[in-house]
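There's a structure below that I have some questions on.
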2 protein chains.
Amino acid sequence: MTDQREHILGCACDLYLEAGLEGFSMRKLAQQVGVTAPALYRHFENREDLLLQVVGEAHNVLGSYLYRALSAPTPGQRFSAAGEAYLEFALEHPRYFQIMHAFAEHLGLSEVPAELEERTAAVKRFWDDRVRECMDSGVLRRDDPDRVGLTLWAHAYGLLSLYLRGLLDAPESAFRVLYSDSFARILRGLGTSEYGAELDHHLLSHSGEPDSSGISVLEGGTP
Amino acid sequence: MTDQREHILGCACDLYLEAGLEGFSMRKLAQQVGVTAPALYRHFENREDLLLQVVGEAHNVLGSYLYRALSAPTPGQRFSAAGEAYLEFALEHPRYFQIMHAFAEHLGLSEVPAELEERTAAVKRFWDDRVRECMDSGVLRRDDPDRVGLTLWAHAYGLLSLYLRGLLDAPESAFRVLYSDSFARILRGLGTSEYGAELDHHLLSHSGEPDSSGISVLEGGTP
DNA sequence: GTCTATAATCCGATAGAC
DNA sequence: GTCTATCGGATTATAGAC
């Protein structure tokens with residue numbers, strides 16, 4: 001009652017979380033709020049505006065999960081907790097995870113507003129910070145934190161997306177193990193030690209220039 | 001003329017590729033084909049049926065890209081070529097990449113048909129096969145090919161998704177480098193060698209049971 | 001601020017003539 | 001197989017009274 005706008009926004013999140021993007025209409029929302037549809041336009045410009053606020057709330061919730069991970073005592077534990085937090089967020093709020101990563105056109109947007117891009121960039125920065133302090137403390141190999149953060153983020157995001165789309169037949173408990181295992185594999189490395197030693201010498205051979213004779217990142221692995 | 005059904009399907013792919021999922025309507029498609037909307041229903045049951053055929057075509061195109069990678073002479077090169085093929089497919093046909101990985105509800109499906117799941121599984125199997133032969137030839141560390149294939153697939157998919165959504169400010173040329181670099185990092189491993197040695201001893205400490213005292217995959221990295 | 005009423009579109013899908 | 005005509009429904013958004 002005190003703030004009808006917030007009440008509507010809360011209902012909008014609920015509606016989205018249970019009905020999804022397709023099921024999110026101004027009429028249904030009005031019904032859930034307990035008013036008629038035109039009343040919504042006194043508080044929000046249009047459907048697009050409302051959906052963007054929902055995305056904002058999704059970021060808030062993710063933020064609360066990530067923030068919790070910062071209470072772990074060591075960089076390594078904070079890193080680990082961050083990975084777990086991302087997992088928990090996606091499993092407990094799959095719709096939020098989905099809308100945060102939806103293509104702009106699915107939201108009916110011509111382009112993503114800068115404020116939203118900034119929030120996404122903040123998530124990336126969180127990963128980068130975890131990586132950086134792990135490098136400083138010797139848990140992670142020293143490297144470009146920005147690049148390493150992206151590698152880790154992309155992996156986690158990809159794995160969770162595949163799972164949430166039901167492409168992995170594993171039940172949730174098995175997926176949790178799989179998720180941790182996959183992280184462990186990345187940290188340990190997939191190549192053989194000979195390959196790793198070899199790789200360090202021509203890591204930049206992927207320029208795509210014709211004169212590199214098609215040599216790619218894995219080539220020469222078995223000299 | 002010879003096969004109107006294929007002509008419609010071709011136009012459907014074109015329409016989707018330029019208009020996206022939101023812009024894909026039976027009316028627009030009919031206009032593009034050069035007939036009226038009801039005529040489409042002589043060849044396809046409904047919009048859902050048509051969209052599924054488009055997804056099928058997307059899989060066909062991806063398949064042609066992956067197939068090309070098999071012509072490389074060594075397992076390591078085939079692995080590398082597979083990664084590049086996945087990249088090229090996503091960059092050259094971003095809409096196909098998008099629709100292949102769209103959530104079922106975005107396609108207006110209650111559930112994904114088994115035939116489509118099978119095609120997705122085939123992509124996964126392709127990665128697994130590349131991994132397996134790399135393990136056999138000593139380029140990749142011996143491990144569960146299914147798990148390692150998933151790790152690699154998730155990473156590639158995640159990275160490409162983030163890029164196609166415009167979250168990485170890098171231009172395409174820079175992204176190509178970034179993509180290869182990220183693969184290289186995963187193959188080499190992100191952890192320090194001390195961490196890697198330590199990890200092998202309690203890789204299974206992520207069971208989530210309370211008695212593991214919260215020990216997670218990264219803990220104990222600096223003994 | 002909220003209502004009733006309605007405009008203005010767009011959609012998927014069908015009936016029946018040809 | 002394709003057409004015209006149309007049904008039946010959904011949606012976003014607005015106008016104007018209260």
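Sequence lines set the chain letters: A, B, ... in the order given, protein chains first and strands last, and positions in each chain run from 1.
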In whole Å, I'd like the distance from the OH atom of A:Y41 to the P atom of C:dG1.
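Answer to the nearest Å: 18 Å.
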For A:V61, does its backbone N or O pair with a side-chain atom of A:S64 as donor and acceptor, under 3.5 Å?
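Yes, because the side chain of A:S64 sits within donor-acceptor range (under 3.5 Å) of the backbone of A:V61.
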Quiz item: cation-pi between B:R68 and B:Y65, 6.0 Å / 45°
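The answer is yes, since B:R68 meets both limits relative to B:Y65.
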Is there any protein nitrogen or oxygen under 3.5 Å from a nitrogen or oxygen in nucleotides 2-6 of chain C, and what are the pairs?
residue : atom : partner : partner atom : Å
C:dT2   : OP1  : A:Q4    : NE2          : 3.4
C:dT2   : OP2  : A:H43   : NE2          : 2.8
C:dC3   : OP2  : A:T36   : N            : 2.7
C:dC3   : OP2  : A:T36   : OG1          : 2.8

In the structure I gave you, are the side-chain heavy atoms of B:H59 and B:E118 within less than 4.5 Å of one another anywhere?
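No, side chains not in contact.
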Using side chain to side chain contact (heavy atoms under 4.5 Å, CB included) as the criterion, point out the one residue from B:H93, B:H101, B:M100 that pairs with B:F97.
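Between B:F97 and the candidates, side chain to side chain contact (heavy atoms under 4.5 Å, CB included) is satisfied uniquely by B:H101.
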May I ask you to check if A:R130 and A:F126 form a cation-pi contact, with NZ or CZ under 6.0 angstrom from the six-membered ring centre and within 45° of the axis?
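Verdict for A:F126: a cation-pi partner in A:R130.
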Test side chain to side chain donor-acceptor pair (under 3.5 Å) applied to B:Y86 and B:W153, B:W127, B:Y179, B:Y157, the passing residue
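Output: one option passes, namely B:W153.
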Can you tell me how far P of D:dG1 sits from CG of B:L40, to the nearest Å?
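Rounded to the whole Å, the gap is 13 Å.
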Interatomic distance where CZ belongs to A:F24 and P belongs to D:dA10 [whole Å]
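Rounding to the nearest Å, CZ of A:F24 and P of D:dA10 are 18 Å apart.
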Check each residue of residues 14-23 of chain A for a non-hydrogen atom within less than 4.0 Å of any atom in DNA chain C, then write out the ones that pass by number, or none.
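Within this stretch, nothing sits under 4.0 Å of the strand.
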More than 12 foreign heavy atoms under 6.0 Å from CD of A:E45: is that the case here?
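Counting neighbours around CD of A:E45, 12 or fewer heavy atoms of other residues, nucleotides or ligands fall under 6.0 Å, so no.
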Any idea which heavy atoms bring B:L9 and B:V54 closest together, and the distance?
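For B:L9 versus B:V54, the nearest heavy atoms are CD1-N, 4.2 Å.
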Enter the distance from B:L29:CG to B:Y16:OH here, rounded to the nearest 0.5 Å.
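Result: 14.5 Å between the selected atoms.
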Expressed as a whole number of angstroms, how long is the span from A:D3:CG to C:dG1:C1'?
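Taking CG of A:D3 and C1' of C:dG1, I get 13 Å after rounding.
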Measure CG/B:L51 against P/C:dA13 and give the value in whole Å, please.
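So the CG-P distance, B:L51 to C:dA13, works out to 11 Å.
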C:dC10 P sits how many Å from B:R47 CZ, rounded?
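It is 16 Å, rounded to the nearest whole Å.
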Rounded to the Å, how far apart are B:E48 CD and C:dC11 C1'?
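From B:E48 CD to C:dC11 C1': 16 Å.
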Nearest-angstrom distance from the residue atom CE of A:M26 to P of D:dA10:
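Atom CE in A:M26 sits about 18 Å away from atom P in D:dA10.
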